[in-house]
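Quick note: residue numbers are just sequence positions, from 1. Being a predicted model, the structure only gives us computed values, none of them experimental. Computation of the quantities below employed the complete heavy-atom set of this structure, encompassing side-chain atoms and omitting hydrogens, waters and symmetry-equivalent molecules. Counting convention: from 1, in listed order, for ligands and their atoms alike.
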Amino acid sequence: MPIKFPFSKNKKQTINRTLGLDYDHIPKHVAIIMDGNGRWAKNRGMPRIAGHKEGMSVVKKIVRHASDLGVEILTLYAFSTENWKRPKNEVDFLMKLPVDFLGTYLPELIERNVQVQTIGDVTLLPAHTQKAIKDAVEKTSTNDGLILNFALNYGSRYEMVHAVKEIAENVEKGTISAEDVTEEMFTSHLYTSKLLEPDLLIRTSGEQRLSNFLLWQLAYSEFWFTEVFWPDFDESHFEKALYDYQNRKRRYGGI
Ligand code: V07
């Protein structure tokens, strides 16, 4: 197999001198609630959409860093099922961000061997948004580096009800019986069925809630919160989250 230098996660690395981050024990799946974009803009007397735009640049920065560190899956909460309630101009702007992002950044994602995936019901997004995402998913489908997983029109309760409906249909058809329903089967009906569960959840901007994000999948994950608004979040904050994660594991992880 070719070595994908300089983005290989197999190169032997030492401990980060300033922080003590252990590059050999990077969490495999990191999930992020990228909160505080609107408040960041408001504090600067700017419209909320300016915060979203700045937040998008931070996504690029963190994707680069996660891929350099050898994170296997990065799940980003980009748009929730509740976000449709926002003003129309804001929703319209948000729906242009995937197009904008991929228009400038898809070549680098391909270069970095990143695979783009989504969770949530993308069929309800505008056609131009769906088209850009579908194109990126297709063009990166054979990549085997970082899985960049965008949660778009995602809601965890909806996801679970959807799973229950599918299982109930199988019971009705008689292909399975109620006794056959297990945690593993339920998990296999979620959007995340092919992914590992997150090791670490990061939420920015001081809120300490799950807001309908991956309720089932986060059952055993470590949570890390920061007051920093998403547009101010950078590589050093990301590394601090990973460092704290590693130290929690060292303290409570058993042998
Ligand atoms: C969005 C920027 C980040 C802060 C949080 C909300 C605003 C990147 C994407 C994206 C999505 C799919 C894709 C490529 C890029 C995105 C939305 C909002 C809706 F294939 N950032 N970003 N999508 N924000």
Residue, atom name and distance, where the atom is the protein heavy atom closest to [atom]:
atom	answer
atom 19 (C) of ligand 1	Leu94 O, 3.4 Å
atom 4 (C) of ligand 1	Asn37 ND2, 3.5 Å
atom 24 (N) of ligand 1	Leu97 CD1, 3.5 Å
atom 20 (F) of ligand 1	Leu102 CD1, 3.5 Å
atom 9 (C) of ligand 1	Phe150 CE2, 3.8 Å

Discussion item. Counting only heavy atoms, tell me which of His52, Gln117, Met56 gets closest to atom 21 (N) of ligand 1.
Written reply: Met56
Worksheet item: Which of these, Ala78, Gly51, Gly55, has its nearest heavy atom closest to atom 6 (C) of ligand 1?
Response: Ala78
Within the 4.0 Å heavy-atom shell around [X], which atoms of ligand 1 are there?
X	result
Leu152	12 (C), 19 (C)
Val59	3 (C)
Ile133	20 (F)

Worksheet entry | Ionic contact status for Arg64 with Glu108, cut-off 4.0 Å | yes
Discussion item. Side-chain heavy atoms under 4.5 Å apart, restricted to Ile/Leu/Val/Met/Phe/Trp/Tyr: what other residues fall into the cluster of Trp40, or is it alone?
Written reply: Met46, Phe229
Is a donor from one side chain sitting under 3.5 angstrom from an acceptor on the other, for [X] and [Y]?
X	Y	result
His237	Asp234	yes
Thr226	Lys240	no
Glu166	His189	yes

Worksheet item: Should Val114 and Ile26 be counted in the same cluster of Ile, Leu, Val, Met, Phe, Trp and Tyr side chains packed under 4.5 Å apart?
Response: yes
Fill in: Sequence-distant partners of Ser156, side chain to side chain donor-acceptor pair (under 3.5 Å), two or more places apart
none
